[in-house]
Amino acid sequence: MKEATESLNFIEHIIEEDLANGFPKEKLCFRFPPEPNGYLHIGHAASICLNFGLGEKYGAPVNLRFDDTNPAKEEQEYVDAIKRDIAWLGFNWANECYSSDYFQQLYDWAVQLIKQGKAYVDQQSSELIAEQKGTPTSPGMPSPFRDRSIAENLDLFERMKNGEFASGTYLLRAKIDMASPNMHMRDPILYRIIHAHHHRTGNTWNIYPMYDWAHGESDYLEQVSHSLCTLEFKAHRELYDWYLDQIVDPTLLRPKQREFARRNLSFTVMSKRKLLELVQKKVVSGWDDPRMPTISGLRRRGYTPNSIRNFSEVAGIARRENVTDVSLLEFCVREDLNQSATRVMAVLNPIKVVIQNYPVGQVEILHLENNPEKTDAGTHEVPFSRELYIERADFKEEADSKFFRLSIGQEVRLKSAYIIKAESVVKDAAGTLLEIHCSYEAESRSGSGTEASQRKVKSTIHWVSVAHAIQAEVREYDRLFLDESPDAHESKSYMDFINPNSLKVIKNAYLEPYLSQANSNESYQFQRLGYFTLDSESREGKLVFNKTVGLKDTWAKQNATAATKQQTSSKPIAQAPQETKSALNEIQYIGKKLTNLSGDKLEEALRNIRVQAENVTYEELEPLFGTAAKKVGTRIAVLVALTVLLAKGASKTPAAAEFIASCQSDESITLKEEAAKLA
RNA sequence: UGACUGAUGGUGUAACUGGCAACACGUCUGAUUUUGGUUCAGAAGAGUCUAGGUUCGAGCCCUAGUCGGUCAACCA
């Protein structure tokens, strides 16, 4: 259905090229390699969708590999959460793998490296090693232990493995090049000693491989064809390849690392470390707080797998830094939910309406369409009675012409019910509005088929019956940060931009009774308000709803812009100097493309130049006489402009004459002709 | 002062081997609408970081520059 868009992203181009060069399609294999040290977020979703999407597109397996090489930071809890999130997104992994599954093989290979004189045991402090490493602009110095004998290295390494040494005392390093311009090649660490319990291997190991050593070799062991990671690993590629060089069997597939830009979202942060800080400092309630950009947070908020996959699709993947506007994500949920959400009525900020001419005690059961987008979705029942709640914002005692809702003397339709007219208001001593007294038109009931029921009124508003409404808590969310890129400021921390009002709790919202049986894996559209879903804290009898996203609200926007307009117009407007493109630039531009044109379009372009030339001075034009002979278009444009200037009475300077002469002898016929007219 | 890398409307992505810069979001009109939603029709908005060059023709190729990102964890 959407296969119409054939454009490939750059990763797909790489794969297509490999395929074209004879790489067998059946050997394609991808992987998604999270470290189980935190929850997945929308940025990971980009990577997940990329890898699993590629798998689906090429019919290739995609492994889920936990990069669990650091027992100090990793936990089973995260493994479970990650699996749940990926499954929720709707992807199936071919194999569930762990870097820790390869610890023995990795160890054996390391021993082999030592035997080849390509690795050595170092025993200096981390400070000393860092010092010897040099800086990006100056080379490093070799470790005094760099030339330890192979036998000694072997012995030490084995004892490291056996747990004879304390954490941090010994290291295994690859012997590469301390002067490499790539810092990662300056004798990188292969193994360090960590005495910690590993969530899978327990206490079997006392040494653990570093990311670089484990990652490429794991890709190789799994025969991953394309190992896709984010841009910050670009500099690691050289090392990735060096490690593979040491162990690769040429008859087997050699993985290829390629990098893409991570996806950033505006008004949020996107690194596990920063998200963890929000959790730890209790800025949010947890990893799955509905304000968090985590998959679990978005899920709790009411985002659908579809909307997130679509977002990834639409946002695309590329190699440059980016900050995608959240509005794109919001668009994606709305688009999805609009199709699937059941329409209901809920009043979040109530004001009571009493219909004076409606019989006291009468209750009518009306029918509300479940989903106008799906004709077969049916209806559900809504009780109607004399006393109702409507939104406070839907009433104004006196309305201006742009306010379509209820006001004194003004009619509105109650959704799926009657047309009412506001007659009077009741206020307390302080002047606050208590209730609105209305009259209804008995013939106007929706769907009754009467003439009155077909009558058009300016607006339709939602409502709930006071006697039948159920109460619930509704949580509304705003962006977590006030700045578009909270972590992009040098002088300020992202913590400085926290939005203090990102959570608004409405304790007593009134919902139509149908919602007492609300389903936790369904989304509801509270009509005219937005999309809502049951929160995980919701209990029978104490319902809690999360607002996923509001409806597009052109009315609110109109008001907001009107307000700001009023504000700015009260001040003297500091007119920004109009950045009009200079006529000369315009001429140059038209000229640039001139030789591509013909017929009418050429005529039009020439006409345009003549128009623009009216606003150009001779002084401005003169420097362009020197335009390279190759740039025929520009020369024509300049010549045409000159023609106009001369006609206006500019004097033909020697420079101009020379220019005209040179044009006359040009190869371009157009140029020649134009020049001849002037000669 | 190094190495690597990137630069296309407000935002995100396109443009297959060079051939009058496309799609989506956002914005703005108008129509439809018992949701100021949806849908439909339309508009505005970039001459592709700058300066040169190659070419009949450059966003794509070349040269130089500018600006941004990444790299010096016993993290991944």
Side-chain angles (χ1 to χ4, degrees), chain A residues 5-9 13 16 33-35 37 67 69-70 72-73 122 125-126 129-131 133-138 140 167-171 180-184 186 189 191-194 208 210-212 214-215 229 231-238 259 261 263 266 272-273 314-325 327-332 334 338-339 343 345 369 372-373 402 404-405 412-417 419 446-447 453-454 456-462 525 527-530 550-558 589 592-593 595-597 601 628 630 632-633 667-668:
Chain A
T5 48
E6 264 307 318
S7 74
L8 306 175
N9 63 46
H13 277 294
E16 290 295 334
E35 182 190 11
N37 70 340
D67 221 339
T69 56
N70 187 354
K73 291 167 68 179
D122 203 342
S125 70
S126 57
I129 289 176
E131 214 171 285
K133 205 153 193 181
T135 70
T137 50
S138 63
S167 294
T169 49
Y170 288 86
L171 290 170
S180 170
N182 184 344
M183 297 294 290
H184 296 284
R186 323 246 259 229
I189 295 164
Y191 278 95
R192 76 287 212 194
I193 297 170
I194 302 176
Y208 290 88
M210 297 286 288
Y211 163 84
D212 289 292
H215 202 89
C229 59
L231 239 32
E232 66 268 28
F233 291 102
K234 178 75 220 226
H236 294 246
R237 187 146 120 198
E238 195 181 351
E259 310 81 12
R263 180 142 313 278
S266 62
K272 281 187 198 165
R273 203 202 90 229
V314 170
I317 200 90
R319 235 174 318 205
R320 58 172 168 171
E321 306 293 321
N322 60 77
V323 181
T324 305
D325 202 317
S327 64
L328 187 59
L329 218 208
E330 291 172 347
F331 162 79
C332 290
R334 285 198 193 100
N338 179 46
Q339 296 304 317
R343 270 54 171 183
M345 294 197 286
E369 212 178 0
E373 304 298 318
K402 286 198 175 146
F404 303 160
R405 283 108 100 143
V412 294
R413 172 171 293 280
L414 295 172
K415 177 73 182 174
S416 300
I419 293 174
S446 293
S453 73
Q454 323 258 352
K456 305 269 179 227
V457 288
K458 262 222 154 149
S459 164
T460 299
I461 64 174
H462 60 277
Q525 186 195 89
Q527 284 202 73
R528 305 207 302 134
L529 297 176
L551 258 27
K552 230 172 108 180
D553 193 345
T554 23
W555 162 242
K557 197 157 57 188
Q558 214 177 67
Y589 175 67
K592 214 168 149 187
K593 300 269 175 181
T595 47
N596 289 339
L597 307 177
K601 291 199 169 180
K630 296 281 183 192
V632 184
E667 284 172 12
S668 160

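Every chain is numbered from 1, with letters handed out A, B, ... down the list of sequences. Side chains included, hydrogens not; waters and symmetry mates left out as well; all remaining heavy atoms used.
In this structure, A:Gln527 reaches the bases: a heavy-atom distance under 4.0 Å links it to at least one base atom across the strands shown. At a threshold of 4.0 angstrom between heavy atoms, the contacts of A:Thr324 are confined to the sugar-phosphate backbone, with no base atom among them. Residue contacts for A:Lys458: at a heavy-atom cut-off of 4.0 Å it reaches no nucleic acid atom on any strand shown. Base engagement by A:Arg343 is indicated by at least one non-hydrogen atom pair under 4.0 Å involving a base atom. Nucleic acid contact class of A:Gly447 (heavy atoms, under 4.0 Å, all strands): base. When heavy atoms are screened at a 4.0 angstrom cut-off, A:Lys272 is found touching no nucleic acid atom at all. Nucleic acid contact class of A:Val323 (heavy atoms, under 4.0 Å, all strands): sugar-phosphate only.
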I'd like a table of atom pairs between the protein and nucleotides 71-76 of chain B - only N or O on both sides, under 3.5 Å - with the distance next to each one.
unit_1	atom_1	unit_2	atom_2	d
B:rC71	O2'	A:His184	NE2	3.4
B:rC74	N3	A:Gly168	O	3.3
B:rC74	N4	A:Gln124	O	3.1
B:rC74	N4	A:Gly168	O	2.8
B:rC75	OP2	A:Arg192	NE	3.2
B:rC75	OP2	A:Arg192	NH2	2.9
B:rC75	O3'	A:Arg192	NH2	3.1
B:rC75	O2'	A:Asn70	ND2	3.3
B:rC75	O2'	A:Lys73	NZ	2.9
B:rA76	OP1	A:Thr69	OG1	2.7
B:rA76	OP1	A:Arg192	NH1	3.4
B:rA76	OP1	A:Arg192	NH2	2.9
B:rA76	OP2	A:Tyr211	N	3.0
B:rA76	O4'	A:Glu35	OE1	3.3
B:rA76	O3'	A:Asp67	OD2	3.2
B:rA76	N6	A:His236	NE2	3.3

What N/O pairs connect the protein and nucleotides 15-17 of chain B at under 3.5 Å? Give each pair on its own line.
unit_1	atom_1	unit_2	atom_2	d
B:rA15	OP1	A:His13	NE2	3.1

Between the protein and nucleotides 25-31 of chain B, which nitrogen or oxygen pairs come in under 3.5 angstrom?
unit_1	atom_1	unit_2	atom_2	d
B:rU27	OP1	A:Lys557	NZ	2.3

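Side-chain atoms of A:Gln525 and base atoms of B:rU35 include a donor and an acceptor less than 3.5 Å apart.
In this pair, A:His184 and A:His236 present their aromatic rings tilted. The plane angle is within the 30 to 60° band.
Remark on RNA chain B: of its neighbouring residues A:Arg413 and A:Ile317, the 5'-side contact belongs to A:Ile317, judged by nearest-heavy-atom nucleotide.
Side-chain atoms of A:Pro372 lie closest to B:rU35 of the nucleotides B:rU38, B:rU35, B:rG12.
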